[in-house]
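Take a look at the structure set out below.
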Amino acid sequence: MSAADGGGTTTLVVRVENKAGVLARVAGLFARRGFNIESLAVAPTDDERFSRLTIVVGVDAAPMEQVVKQLDKLVNVVDIRELNPSASVERELMMVTVRANPDIRGQILDLVRIFQATVLNVGYDEIMVSLTGSPSRVDDFEDLLRPYGIVDVQRTGKVALPKLVKAAPDPLAP
Amino acid sequence: MNMNGGQALMKALENEGVDILFGLPGGAILPVYDPLIDSSIRHVLVRHEQGAGHMAEGYAHATGRPGVAMVTSGPAATNIVTPLCDAYMDSIPMVVVTGQVPYAAIGTDAFQECDTTGITMSVTKHNYLVTEAADIPQVIHDAFYIATTGRPGPVLVDIPKDIVDPNNPRSAMEWYTPDSHDLPGYLPNQAGDAELIRQAAKLICEAERPVLYTGGGILKSRGAEALLELAEMTGIHVVTTLMNRGGFPDDHPLCLGMPGMHGNYTAVTAMQEADLLIALGARFDDRVTGKVGEFAPLAKIIHVDIDSAELGKVRRPDVAIQGDCRVVIEELVKALKEMGGSEAQPDRNQWRSRISGWQERFPLTYEQSKGDELLKPQYVLEQLRDSTPSDTIVASGVGQHQMWTSQYWKFNHPYTWVNSGGLGTMGFAIPAAIGAKAGRPDRMVWAVDGDGCFQMTAQELVTAATEGFPIKVALINNAYLGMVRQWQEMFYEERYSEVYLTRDVPDYKMWAEALGCVGLRVESPEEVGPAIAQANEIDDQPVVVEFRCEAEENVFPMVPAGMSNSDVVVDPSQRDQPR
């Protein structure tokens with residue numbers, strides 16, 4: 001089942017030992033169940049012994065429960081957080097090259113301004129821009145650029161952190 | 001101390017207390033076989049790498065200590081994949097060392113190269129590709145720690161040739177003795193949560209029809225004594241799964257024996273009718289539950305397991321306790337004592353009389369052979385059981401003979417039953433029996449094997465004969481792949497497809513003799529006892545006794561695959577009994 005079939009998606013943030021082969025171990029647990037990984041972002045953490053994987057899987061939380069437990073059993077997996085989209089802040093980076101003859105370049109720059117995107121490079125009939133934002137905002141930007149002709153697009157897959165507590169503790173509480 | 005990686009590997013294995021190594025040398029592991037000559041570790045030269053793996057498993061089954069196997073790269077590594085998977089499914093502590101092509105050659109399709117860590121990733125608890133000689137002491141120390149703690153399992157260590165080859169500068173290293181583990185993602189927990197244990201004790205004190213559903217975790221945690229105390233204090237009956245035969249004595253009045261697809265009627269039915277199942281180190285395997293949605297429909301569940309991934313995997317427990325079985329049972333006994341011990345248990349006389357009623361109406365049964373019929377395998381197993389010491393270790397292959405052995409043997413001691421439960425590996429019996437005998441030379445060891453299984457691993461009898469492991473093999477020759485034949489009879493309208501193995505080819509008696517064993521053949525009931533007595537007398541050579549058995553005997557009771565345990569099919573002679 002994928003998100004497109006009407007099923008949900010699950011976002012896992014997995015802290016692993018920064019060693020060779022760990023990504024294959026993690027990916028293997030999804031593969032053997034036929035679960036497709038929709039996006040995956042990997043980078044070392046502030047502590048260089050560890051990496052953090054942000055994995056988006058097109059599967060509901062219920063069938064994911066067993067995978068998460070199996071994932072937790074991997075010797076190289078240190079901890080796992082399951083992130084609920086409504087309780088987390090998500091970001092994704094897109095770089096995109098769009099057809100932009102000089103006569104329509106202005107229209108594209110309008111979109112760049114509206115979305116607070118960044119122009120990275122300009123060619124005689126193309127323009128390369130980047131946008132960082134929530135995955136849905138990145139989707140919107142990509143949709144709006146598509147009619148102009150996307151030549152190349154690269155998205156990082158999302159990374160996420162849990163939302164912070166808003167209400168300060170009551171100083172008068174016992 | 002300066003040494004090379006090969007010497008360091010042997011020293012590291014010695015430091016882990018390894019006394020015996022099952023293996024077969026080859027190109028990539030060659031440099032390690034040289035320092036082996038000077039090592040205190042005994043090496044057993046197997047005839048096929050699969051044999052080395054199953055011997056290591058049999059050793060671990062019988063002793064509780066990790067079994068160790070060492071083989072070369074490529075085809076040797078792929079040959080040991082089956083034992084690794086078998087050990088993974090049955091939570092057997094095992095360490096396998098494989099040779100690998102030199103580090104610089106990895107990924108070049110070198111001679112006898114395969115991606116061993118990639119291939120074995122999903123059939124090991126963990127595996128390592130060691131890239132530097134200096135890592136060997138720490139990796140071996142970690143490998144044994146991981147294999148033997150938490151939920152035990154197999155760990156593979158893949159070692160490229162250059163880091164163990166004294167002629168290669170990459171093998172030079174300085175020896176150190178590791179004294180800790182840097183495994184931030186691996187923190188096995190032993191103790192159960194005290195509050196959950198109290199809740200479990202409360203449920204036990206309220207239950208009118210409780211059953212202790214005990215699995216391999218009892219044996220793995222050395223928990224048999226604790227289980228006995230729990231059962232006797234509460235008076236609760238015990239079922240012992242295929243992986244826990246011997247974990248509770250079969251001749252104990254509270255023992256109901258094996259549950260599941262070929263379990264006995266009372267064990268199956270008591271679980272179906274129970275109002276509380278206390279699952280201890282058991283994993284609700286499909287062979288135990290039958291159709292999951294109709295399994296023990298009235299029961300609340302207490303589930304104790306060292307592996308939190310088992311809790312709720314199949315059946316949602318009412319109380320889930322993650323922890324070592326023995327530790328949790330001991331705490332549970334304490335909690336129950338605080339609540340009043342046996343005095344606090346409700347009157348369960350009605351439940352007890354229902355259980356004894358099932359036991360009277362539906363005992364294990366079979367029809368004795370008549371006239372010139374061949375032997376009944378159940379008769380052979382009863383005779384074997386009654387004429388061997390009670391602490392005999394029994395290893396079995398997979399199929400009908402395995403189920404009959406589990407049914408008819410009386411397991412009254414832990415660690416006397418060695419079998420392949422989860423993976424169902426045909427051919428397991430002979431090498432596993434050799435491993436068990438290597439670990440427990442003081443015990444009599446019988447392998448009960450089928451003719452299909454025997455043909456898969458008989459070559460290891462050469463290992464038994466030449467290395468001095470006088471095991472005994474009871475070969476139940478029914479000329480068929482018997483369990484498959486039974487399924488074709490019952491579920492495929494007797495359309496027998498590729499299950500007949502022939503009665504006379506091979507000639508098992510001659511084959512046994514050619515392999516360096518004593519070969520005996522038994523065809524009539526009156527010869528069974530004397531042949532077993534003769535085999536028991538031989539202690540300097542392996543013995544194979546071929547028992548020529550009826551081809552059409554079926555294993556009953558049976559819960560057909562996918563059916564509810566309430567629909568258990570009993571022996572034809574019991575089908576008119578009221579349930």
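Everything quoted here is computed from the prediction, not taken from an experiment. Reminder, nothing fancy here: chain letters follow the sequence lines and each chain counts from 1.
Residues A:Lys69 and B:Asp307 fail the side-chain proximity criterion, which asks for heavy atoms closer than 4.5 Å.
Heavy-atom pairs under 4.5 Å with chain B were tallied for A:Asp79, A:Leu29, A:Asn76; the largest tally goes to A:Asn76.
Of the inter-residue distances, the one linking A:Glu17 atom CD with B:Tyr186 atom OH reads 13.0 Å to the nearest 0.5 angstrom. With rounding to the nearest 0.5 angstrom, the CG atom of B:Leu129 is 12.5 Å from the NZ atom of A:Lys19. Here the NZ-CD distance, from B:Lys313 to A:Gln70, works out to 7.0 Å after rounding to the nearest 0.5 Å.
Within a 6.0 Å radius of NZ in B:Lys300, no more than 12 heavy atoms belonging to other residues, nucleotides or ligands are found. Within 6.0 Å of CG in A:Asp143 there are more than 12 heavy atoms belonging to other residues, nucleotides or ligands. For CZ of A:Phe50, the number of neighbouring non-hydrogen atoms (other residues, nucleotides, ligands) closer than 6.0 Å is greater than 12.
The two residues B:Ser122 and A:Arg32 have their closest heavy-atom pair at O-NH1, 4.4 Å.
A:Val77 touches chain B through its backbone: at least one of N, CA, C or O sits under 4.5 Å from a heavy atom, while the side chain does not. Proximity to chain B is absent for every atom of A:Arg15, based on heavy atoms less than 4.5 angstrom apart.
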